[in-house]
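One-based numbering, in listed order, for ligands and for the atoms of each.
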Amino acid sequence: MKDETLCLHAGYTPENGAPRVMPIVQSTTYVFDSTEHIGELFDMPTAHMYSRMSNPTVEAVEKKLAALEGGVGAMCTSSGQAASLFSILNVCSCGDSFISTPTIYGGTVNLFAVTLKRFGIECIFVDAEADEAEFHKAFKPNTKAVFGETLANPSLAVLDIEKLARIAHSHDVPLIIDNTFATPMLCKPIAFGADIVVHSTSKYMDGHALQIGGVIVDGGKFNWENGKFPAFCEPDESYHGLVYTKSFGNAAYIIKARTQLMRDFGAYPAAHSAFLLNIGLETLPVRMRQYCENGLTVAKYFQSRPEIETVIYPGLPGDKGYARAQKYLPNGTSGVISIVIKGGKANAVKFMDGLQLASNEVHVADIRTCVLHPASATHRQLTDEQLVAAGINPGMIRFSVGLENVQDIIADIEQSLAQL
Ligand SMILES: *Cc1c(COP(=O)(O)O)cnc(C)c1O
């Protein structure tokens with residue numbers, strides 16, 4: 001089935017007389033007819049037993065997300081941050097390292113460079129545009145993964161996924177891709193060689209600014225039995241000697257993430273949140289088309305204005321990322337535009353405060369147009385050096401075009417620019 005159909009039908013198929021709409025199973029627990037049956041579940045997790053690890057409503061959404069990304073399984077998390085964290089913890093332990101490009105979400109930079117470091121996991125940052133030799137030099141014997149973002153928040157750099165997949169696979173480690181801004185409507189990283197895909201579902205997928213969430217999707221193609229990942233192919237003493245690759249084959253990664261990480265850390269979404277996310281997903285294809293159309297129209301308008309120094313929008317002919325976007329995101333590059341206004345930070349703030357329709361908020365990829373100044377908000381914790389590495393100019397504004405009529409969005413920009 002094609003994306004539009006999957007968005008409506010994957011994950012939940014009602015039986016005769018069952019509710020048309022996917023029901024909310026609001027229960028922390030599940031009943032079984034014997035002690036023995038429950039005991040068996042602790043040897044082999046084949047059914048829902050406790051909603052810290054799985055729930056039928058969340059599971060339906062997981063199946064939909066796995067289908068959309070072309071993966072073999074998915075696990076939802078209570079935030080995008082939890083998805084990024086678990087995606088790494090599932091392959092790295094204290095004493096390990098992994099490679100990431102620095103052109104990623106500010107919260108992820110902090111997680112990787114500061115918090116994971118405190119737990120003994122080292123993140124080695126390598127510029128996404130560095131040549132392959134430089135990447136190879138960065139690998140150590142303990143390097144267990146490569147991480148990057150399809151369409152970086154907020155620099156909008158387009159990642160060469162195939163290059164990173166080639167590099168990661170030549171060292172027998174998986175490539176993990178944060179595909180939040182693109183969504184599987186605009187890019188499917190697994191098809192380009194990624195092994196694991198993570199999302200903040202709080203953005204376009206939810207779409208309506210209703211609930212925070214994340215997901216990890218397992219592409220199911222990576223060989224965990226290559227000698228580098230004993231935790232996948234040796235008995236898990238914390239799960240009665242379960243051997244993930246033996247019991248679950250190519251879904252070993254995602255089952256291990258659930259039975260170890262979700263069991264122990266517990267960052268599973270509530271059934272009600274998954275229900276709301278599902279409503280967002282149902283209309284994702286139509287919304288993404290309109291975001292891309294409005295985004296391109298507004299990007300062209302910004303380009304025509306003398307007050308604007310730089311417009312970054314990879315869907316715009318002439319943009320530095322245009323050629324690569326034609327390959328990885330041929331149907332459009334979302335509604336997010338980065339602009340730099342002449343006159344630095346002072347004018348950026350004045351322009352943002354002068355907007356009346358677009359709101360100033362800590363969000364992006366919402367149905368309503370919103371703006372944010374990364375250097376003073378989401379990326380505030382970064383040093384000037386890290387800001388530059390993440391592709392962020394101190395005067396940069398992240399302009400997230402919503403689904404209002406595009407002429408109204410432009411009129412709002414026009415009146416605020418006129419006040420500068
Ligand atoms: C927002 C975001 C995250 C973090 O997700 P939360 O749901 O806010 O925890 C991770 N990656 C990207 C690209 C994001 O935009």
Salt bridge (Lys or Arg N to Asp or Glu O under 4.0 Å) partners of [range], not counting sequence neighbours, each pair once:
{"range": "residues 278-290", "value": "Glu4-Arg289"}
{"range": "residues 187-200", "value": "Asp3-Lys188"}
{"range": "residues 311-323", "value": "none"}

Give every pair formed by an N or O atom of ligand 1 and a protein N or O atom closer than 3.5 Å, one pair per line with both atom names and the distance to 0.1 Å, or write none.
from: ligand 1; atom 1: 5 (O); to: Ser200; atom 2: OG; distance (Å): 3.0
from: ligand 1; atom 1: 7 (O); to: Gly80; atom 2: N; distance (Å): 2.9
from: ligand 1; atom 1: 7 (O); to: Ser200; atom 2: OG; distance (Å): 2.8
from: ligand 1; atom 1: 7 (O); to: Ser202; atom 2: OG; distance (Å): 2.6
from: ligand 1; atom 1: 9 (O); to: Gly80; atom 2: N; distance (Å): 3.0
from: ligand 1; atom 1: 9 (O); to: Gln81; atom 2: N; distance (Å): 2.9
from: ligand 1; atom 1: 11 (N); to: Asp178; atom 2: OD2; distance (Å): 2.7
from: ligand 1; atom 1: 15 (O); to: Asn153; atom 2: ND2; distance (Å): 2.9
from: ligand 1; atom 1: 15 (O); to: Lys203; atom 2: NZ; distance (Å): 2.6

Phe112, Phe139, Phe147 screened by ring-ring contact (aromatic ring centres under 6.0 Å, His included) with Phe98, the one that passes: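 The ring-ring contact (aromatic ring centres under 6.0 Å, His included) with Phe98 is passed solely by Phe112 among Phe112, Phe139, Phe147.
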
Ion pair check, Glu62 and Arg258, cut-off under 4.0 Å: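 The answer is yes: the pair qualifies as a salt bridge.
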
Donor-acceptor pair, side chain of Arg52 and main chain of Gly266, under 3.5 angstrom: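 Not at all, since once roles are kept as given, no pair shorter than 3.5 Å links the two residues.
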
